[in-house]
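So that the names make sense, note that chain A is the first sequence line, chain B the second, and so on, each numbered from 1. Any value given below was found using the heavy atoms of this structure, including those in side chains, with hydrogens, waters and symmetry copies removed.
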Number of protein chains: 2
Amino acid sequence: MHPRYARIADELRAAILGGELPVGAPLPSETVLAARHGVARGTIRQAVAVLTAEGLVGSRQGARRIVLGRERSQNFAVLHSFAEWARAAGHEVTGQVIDQRRRAADAAEAARLGLAVGDPVLRVLRLRRLDGVAVLLERTVYAGWLAPAVERLPADCDSVTRALYESRGLVFAYGEHLIDAVAAGTEDARLLGVRRGGPLLRQRRVTTTREGRPAEWSDDRYRAGSVTFAIRNAAGALAVHPQD
Amino acid sequence: MHPRYARIADELRAAILGGELPVGAPLPSETVLAARHGVARGTIRQAVAVLTAEGLVGSRQGARRIVLGRERSQNFAVLHSFAEWARAAGHEVTGQVIDQRRRAADAAEAARLGLAVGDPVLRVLRLRRLDGVAVLLERTVYAGWLAPAVERLPADCDSVTRALYESRGLVFAYGEHLIDAVAAGTEDARLLGVRRGGPLLRQRRVTTTREGRPAEWSDDRYRAGSVTFAIRNAAGALAVHPQD
DNA sequence: GCACAGAACTTGTTCAAACAAGCTAGGGAC
DNA sequence: GTCCCTAGCTTGTTTGAACAAGTTCTGTGC
C-alpha cells in the first residue's frame, strides 16, 4: 500500500497526463485539494512536491501552481539500466557478452571503485542491440565482490541490473555520470558498424549501492543518432531519460 | 534572510565538504540535530531533504543517514548559461555574434517555442571561446517578444542570460535538454576548427520563463574533449553540470 | 559460540495550527 | 478611463505531537 501522498500524486499526475489539467492551467489550491481528499495540507504539499520534482508543475509563492508539461520524465532508473529503459519504451533489446575476464584493478579503476590498486575486478565487454541494431558498446568493470554473481549470468542476459536485483537483492541507488562525445576507435567502429573517427555519444558512470559502496564503473558508447539523453530541469529538480 | 532549514542545510553541507563528516559516516539523527539547533524535527527533515536532493546524503527508513559524496553538483543554472558555469569554474569565457537576423518561424521552431508558423523570431549564430579556444557553436532562436532586448546586447556579450536578467528581470526557470552526438558539418568544422565528420557533443534545449512561457530554442555544439556533462543522481533527485 | 527474540532507536507519514511572504483582483481616488 | 492600494487568497515556513515501519544492538537461551 502506497502512502497517502503518493496516491494523491498519482491522481494529479493522471489528470495532467490525461489532459483534464492542460498545460498552463492552474492546479487547485492546497486548501481545496486538502478538503477534497480529506487530508491535512502538509500531505497535499508532499504530493505536489513529487510532481514538482518530476517537472510537471511549477510554483511561486503567492500564486497558484501551474501545469508546466505533460511528459513525465522516467527519472533515474534509466541511467543505470539500458534494458529497463528500452523495454519501457517498447523496444526489443538484446545483449551479448563479447569478452569477460578477471584482472587486477589499475590505478584509474581503483580510484573510481574505491579499491586498492591490484584488487581483483571483473572486466566485461558487452554489445547491446535495439530492435536488432547494434547501438551500444559497454566496457564495464565490476568490483571483485560482485564478480561471482556477474559471472553466473548467461552471456545473452538482457538486463544485468534486473538479474542482480533478483539473484542478490542488489539495488543500484546512486550514480555519477559523465557524458561527452568521442571519435570511434577501431574496435568501436567494427562492433558498432560505424566509420572510424565518426561521432559516438559516451557515457561514463559509477554506480553505487544504497549503502554508498561503489559496485561498477562503465564506459558506454552509443552510436550517434540512436539514443538521445533528455534532461528536464525545473528550478531545483531534474530528471533524465534517454530518448529515441 | 534565508529560512531556517536552508541555513541548517548550509551548515551540514559545509561539514560534509570540509571533511568533518567523511564519506560513509552517519549523519547525527534527526532528534539530535533538532535539539542541537533548537528547532522541530520537521525543520531538520527539510534541511536534510535539500542535501538528499543534492546527492550528498542517502537515507533508508530505520537506519541512520549516510554521507554519500563530497562533490556538490551545481544543479541547474549551468544548463542555461555556459558563461555562468565557465566563470564559476575559473575559466575566461568570451562570445562573438557571427550572424543575427529576424525571420519568420518555421514549423519546427513554432512547435518548440509554442508560436504559430510565421510568427517573428530572432535567429542568432554565436561562437564561444573558453580561455581563447573556440569550443561552442550556438544556433539560438529567440521568441519575437525577446528580440528587441537581445538585439540591444553588444556583439561580444559574455553572458546573455545575465544580461537579460539585468536589463529585463528575465529569469530562465525551466528547460528541456536533448543531448546526443553528431558529426561536424562544414560550417561547424570551419568555425570550431575540427575535421568535418568528426565528433561533436550536441545539446538542444528549450528554455522557459518562470511563468512557463518558452523564450528560446537553441542547438549548441561543443567541440569533443572540451566539455563533459556530469550528472549525479540519487534515488529521485538529479543534478547536472558541465565539467572540463 | 551461535541464533533468535526483543528493546531501543531511527526514519517515514500524517495531523492541526499559526504566522510570514507574495500575488491578484477589485474598489476607490483622480 | 486610468492608476494605485488594499483585502483576501495562495504558497512558504515552522511547531509539536503521534504512530508506523524498518534497522541495529543487546541479551538470553541453547
#### Entry: Test side chain to side chain contact (heavy atoms under 4.5 Å, CB included) applied to A/A105 - qualifying residues, sequence neighbours left out
A/E109, A/A110, A/V121
### Task
Could you pull out all residues at least two apart from B/T140 that satisfy side-chain hydrogen bond (donor to acceptor under 3.5 Å, both in side chains)?
B/S218
### Query
When you check the gap from the basic side-chain N to the acidic O, do A/D10 and A/R13 get nearer than 4.0 Å?
yes
### Message
Nearest whole Å is fine: how far is D/dT11 C1' from A/L51 CG?
### Response
15 Å
### Query
Short question: side chain of B/T43, backbone of B/V39 - any donor-acceptor pair under 3.5 Å?
no
### Task
Decide yes or no for B/Q100 and B/R123: does some side-chain heavy atom of the first lie under 4.5 Å from some side-chain heavy atom of the second?
no
## Note on the structure
Each nucleotide of nucleotides 10-19 of chain C classed B (base within 4.0 Å of a protein heavy atom), S (only sugar-phosphate) or -, in 5' to 3' order, makes BBBBBB--B-
### Message
Strictly under 4.0 angstrom, non-hydrogen atoms only: write out the protein contact profile of nucleotides 3-8 of chain D, one letter per nucleotide from the 5' end, B, S or -.
### Response
------
### Message
The criterion is side-chain hydrogen bond (donor to acceptor under 3.5 Å, both in side chains); which residues satisfy it with A/R4, sequence neighbours excluded?
### Response
none
### Query
Is any side-chain N of the basic residue among A/D220 and A/R204 closer than 4.0 Å to the acidic one's carboxylate O?
no
Return all side-chain donor-acceptor pairs below 3.5 angstrom for residues 23-32 of chain B, not counting sequence neighbours, or 'none' if the list is empty.
from, atom 1, to, atom 2, distance (Å)
B/S29, OG, B/V32, N, 3.4
B/E30, OE1, B/R41, NH1, 2.5
B/E30, OE2, B/R45, NH1, 2.9
B/E30, OE2, B/R65, NH2, 2.2

